[in-house]
Amino acid sequence: MKHLIAFMLMLMVAVPSPGPAQQPLTSDAAIERAWLFKALETAPTEETATAIANQIWRFWFRQGPNQEANRIMAKAMERRDARDFAGAIEQLDTLVEIAPDWAEAWNQRATVLFFQEKDDNSLDDVEKVLELEPKHFGALAGKAVILMRQGRMQLAQQALRRAVDIHPWLKERGMLLPEPPGQKL
């Protein structure tokens, strides 16, 4: 339970505001993304990894397709931070409709649905996030927590192991269970 609360708090305070609009990944953005994930994978300390992970979050938020999408995301984050989850969902529903290829739009809706304990709906959105951004360690960690909450421990551990493979210093790594000898979860 302590890890679940820490996860929820991390999502509410650690996620930065959206940045300026950016078109789909340019070659420069693809290079930046690759560099960030390599740096995260090889970060020598938790402090360094946290700083790199925060850069990745900012990168994901910058992928909004236009100023209108960024404006709606900002409103959704204001509503979420105010714990007006219904208002946040209203904004995020609009956002995923007008920006269906923006992984972070889906991730933020998954997060708010998680807070509303609408686990199946949240998992549906997490799958869309992972389709658009397979290395979304936040979505994978969220998926793991939901699956744990549902008592689906083996699937939860698989999702969490994928997240930790991407972000070895992920705070939720403490929720990993030892693998049974000779078995791969």
Side-chain angles (χ1 to χ4, degrees), residues 1-16 33 36-57 59-61 76-77 80-81 83 85-86 88-89 92-93 95-96 100 102-185:
M1 182 56 93
K2 157 176 100 168
H3 294 291
L4 178 61
I5 293 167
F7 171 75
M8 292 188 312
L9 290 173
M10 176 199 67
L11 286 175
M12 291 194 73
V13 280
V15 178
R33 179 186 175 279
L36 286 167
F37 279 108
K38 185 62 176 171
L40 182 62
E41 181 184 324
T42 60
T45 66
E46 187 168 3
E47 181 180 8
T48 301
T50 298
I52 296 165
N54 287 338
Q55 288 180 317
I56 292 170
W57 281 105
F59 175 86
W60 286 332
F61 269 96
M77 297 302 88
R80 184 201 67 190
D81 293 347
R83 302 190 61 77
F85 299 139
I89 288 292
L92 292 163
D93 285 347
L95 189 55
V96 297
W102 189 9
E104 201 53 40
W106 293 95
N107 185 59
Q108 291 306 314
R109 190 170 77 170
T111 301
V112 175
L113 290 166
F114 172 86
F115 290 141
Q116 292 179 311
E117 297 185 16
K118 295 180 179 178
D119 291 348
D120 291 334
N121 294 339
S122 182
L123 284 173
D124 288 343
D125 280 4
V126 164
E127 291 307 319
K128 184 64 176 179
V129 174
L130 295 173
E131 175 187 315
L132 296 167
E133 173 50 89
K135 290 190 168 201
H136 203 299
F137 52 82
L140 284 164
K143 179 179 182 176
V145 172
I146 291 169
L147 291 168
M148 284 179 201
R149 191 156 72 181
Q150 293 178 335
R152 299 162 67 189
M153 292 305 290
Q154 184 170 356
L155 290 174
Q157 289 294 302
Q158 289 171 354
L160 190 53
R161 285 183 196 294
R162 282 180 52 205
V164 171
D165 284 345
I166 296 162
H167 183 348
W169 294 96
L170 189 72
K171 292 204 182 301
E172 292 81 10
R173 71 187 183 276
M175 297 167 69
L176 282 172
L177 300 174
E179 288 183 313
Q183 282 187 312
K184 190 90 170 142
L185 289 178

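The chain is numbered in sequence order, starting from 1.
Taking each heavy atom of I89 and R109 in turn, the nearest pair found is CD1-CG, 3.8 Å. When all heavy atoms of A110 and V126 are compared, the pair lying nearest together is CB-CG2, 3.8 Å. A163 approaches A141 most closely through the heavy-atom pair CB-N, 4.1 Å. Nearest heavy atom pair, residue A49 against residue L40, reads O-CD1, 3.6 Å. Taking every heavy atom of both residues into account, E104 and N107 meet most closely at OE2-ND2, 2.9 Å. In this structure, A86 and Q116 approach most closely via the heavy-atom pair N-NE2, 4.0 Å.
Using bins of under 30°, 30° to 60° and over 60° for the plane-to-plane angle, the ring pair W57/W60 lands in the perpendicular bin.
Atom-to-atom distance recorded for L92:CG and M77:CE is 5.0 Å, nearest 0.5 angstrom. Residue R152 holds its CZ atom at 9.5 Å from CG of D119, rounded to the nearest 0.5 Å. Interatomic distance, CD of E46 versus OG1 of T48, reported as 10.0 Å (0.5 Å rounding). Atoms CD1 and CD, from I146 and E117 in turn, are 10.5 Å apart once rounded to the nearest 0.5 Å. Atoms CG and CD, from L113 and Q108 in turn, are 11.0 Å apart once rounded to the nearest 0.5 Å.
Checking side-chain atoms of Q157 against main-chain N and O of P178 turns up no donor-acceptor pair under 3.5 Å. Although no hydrogens or angles enter the test, the distance criterion places a donor-acceptor pair under 3.5 Å between the side chain of W106 and the main chain of P100. S122 places no side-chain N or O within donor-acceptor distance of the main-chain N or O of K118, the cut-off being under 3.5 Å.
Residues E131 and K128 form a side-chain contact, since some pair of their non-hydrogen atoms from C-beta on lies under 4.5 Å apart. Taking the side chain as every heavy atom from C-beta outward, L155 and Q158 approach each other to under 4.5 Å. Contact of the F137 side chain with the F37 side chain is registered, since non-hydrogen atoms from C-beta on lie closer than 4.5 Å. By the 4.5 Å heavy-atom criterion applied to side chains, L140 and H167 are not counted as neighbours.
For E133 and R33, the salt-bridge test passes: some basic side-chain N is under 4.0 Å from an acidic carboxylate O.
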| request: Begin with the C-alpha distance, continue with both residues' side-chain angles, and end with the deciding distance and a verdict on side-chain contact (heavy atoms from CB on, under 4.5 Å) for Q150 and L123. | output: CA-CA 11 Å; Q150 293 178 335; L123 284 173; 3.7 Å; yes
| message | If you apply the rule side-chain contact (heavy atoms from CB on, under 4.5 Å), what do you find for L160 with L177, and how did you get there? | response | CA-CA 10 Å; L160 190 53; L177 300 174; over 6 Å; no
| message | Apply side-chain contact (heavy atoms from CB on, under 4.5 Å) to residues R173 and W169 and explain how you reach the verdict. | response | CA-CA 7 Å; R173 71 187 183 276; W169 294 96; 3.8 Å; yes
